[in-house]
Structure formats: C-alpha cells, structure tokens
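Inspection log for the structure reproduced underneath, given as structure tokens.
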Amino acid sequence: MSSMDIKKEVGNRLKESRRATGYTQSMVAKELFMTQQQYSRFENGIFELNYSQLITVCALFDVSADYLLGIKTY
C-alpha cells in the first residue's frame, strides 16, 4: 500500500469515527488547536497526524491507533 493510500485510509477512518461520535470538524479542530480547514486536510488524506494528534483523536473518538492506522479493523 502506498503512502497516499494510507493517508486516504486514515482520513476515511478519522471521518467515520468523528461522525460516529457526533463531533463536527470544528469541534475536533479546536481540540487539536487548529482551524477546521487544517483538520479537514487530515480527513482528506493530505496531511498526516503526528503522535500527539493521534493520541488526542484516539481518546476523543474512543478508538485505537491500530484502528485509525488500518492495522486492525473492528
């Protein structure tokens, strides 16, 4: 799987998890100390989460890093 495919897959899982928890992009962006436009780039597979951001969204969405990164599907 290419780097671009991985970023797209992570973005899709971010979006799915965010919607499942009822958060808006703006709400998540605020937790990550960024704008909604910046956060949307993660969901669109343009930007990659850093470790701190990954931990934050995992806690926020109550999902594992394995799930967001596509290592496990459940």
Side-chain angles (χ1 to χ4, degrees):
M1 186 179 281
S2 75
S3 175
M4 185 57 93
D5 292 337
I6 293 169
K7 287 194 280 188
K8 286 286 188 190
E9 182 63 28
V10 170
N12 289 335
R13 289 170 186 261
L14 280 172
K15 185 182 299 184
E16 175 185 292
S17 298
R18 175 182 57 78
R19 288 180 174 167
T21 57
Y23 285 96
T24 64
Q25 284 187 346
S26 294
M27 293 164 73
V28 177
K30 185 175 180 181
E31 294 292 323
L32 295 172
F33 304 102
M34 64 180 60
T35 66
Q36 177 273 324
Q37 292 83 3
Q38 288 171 309
Y39 175 74
S40 73
R41 292 182 180 112
F42 292 109
E43 287 191 4
N44 290 318
I46 298 168
F47 288 167
E48 294 180 6
L49 296 166
N50 66 34
Y51 298 129
S52 178
Q53 292 164 333
L54 181 62
I55 291 167
T56 300
V57 295
C58 285
L60 197 61
F61 301 153
D62 193 27
V63 296
S64 70
D66 283 355
Y67 172 73
L68 285 181
L69 297 173
I71 297 168
K72 288 187 179 177
T73 56
Y74 46 92

Approximate separation, where rounding is to 0.5 Å, of [X] [atom1] and [Y] [atom2]:
X   : Y   : atom1 : atom2 : value
Q25 : K15 : CD    : NZ    : 7.5 Å
M27 : T21 : CE    : OG1   : 8.0 Å
L49 : T56 : CG    : OG1   : 9.5 Å
K7  : R41 : NZ    : CZ    : 12.5 Å

Any side-chain heavy-atom pair of Y39 and R18 under 4.5 Å: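 With C-beta onward as the side chain, the pair touches.
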Same apolar cluster (I L V M F W Y, side chains within < 4.5 Å links), [X]/[Y]:
X   : Y   : result
F33 : V28 : no
L69 : Y51 : no
F47 : I55 : no

Non-neighbouring partners of D62 that pass side-chain contact (heavy atoms from CB on, under 4.5 Å), sequence neighbours left out: none
side-chain contact (heavy atoms from CB on, under 4.5 Å) involving E16 - partner list, sequence neighbours excluded: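 If we apply the side-chain contact (heavy atoms from CB on, under 4.5 Å) test to E16, skipping adjacent residues, the hits are Y67.
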Side chain to side chain donor-acceptor pair (under 3.5 Å) against E31, all qualifying residues, sequence neighbours excluded: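 E31 satisfies side chain to side chain donor-acceptor pair (under 3.5 Å) with no other residue.
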Minimum heavy-atom distance [X]-[Y], with the two atoms named:
X   : Y   : answer
A29 : T35 : CB-O, 3.4 Å
C58 : S64 : SG-C, 3.7 Å
L60 : Y23 : CD1-OH, 3.3 Å
L68 : V10 : O-CG2, 3.3 Å

Donor-acceptor contact below 3.5 Å, side chain N50 vs main chain S52: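 A pair under 3.5 Å: yes.
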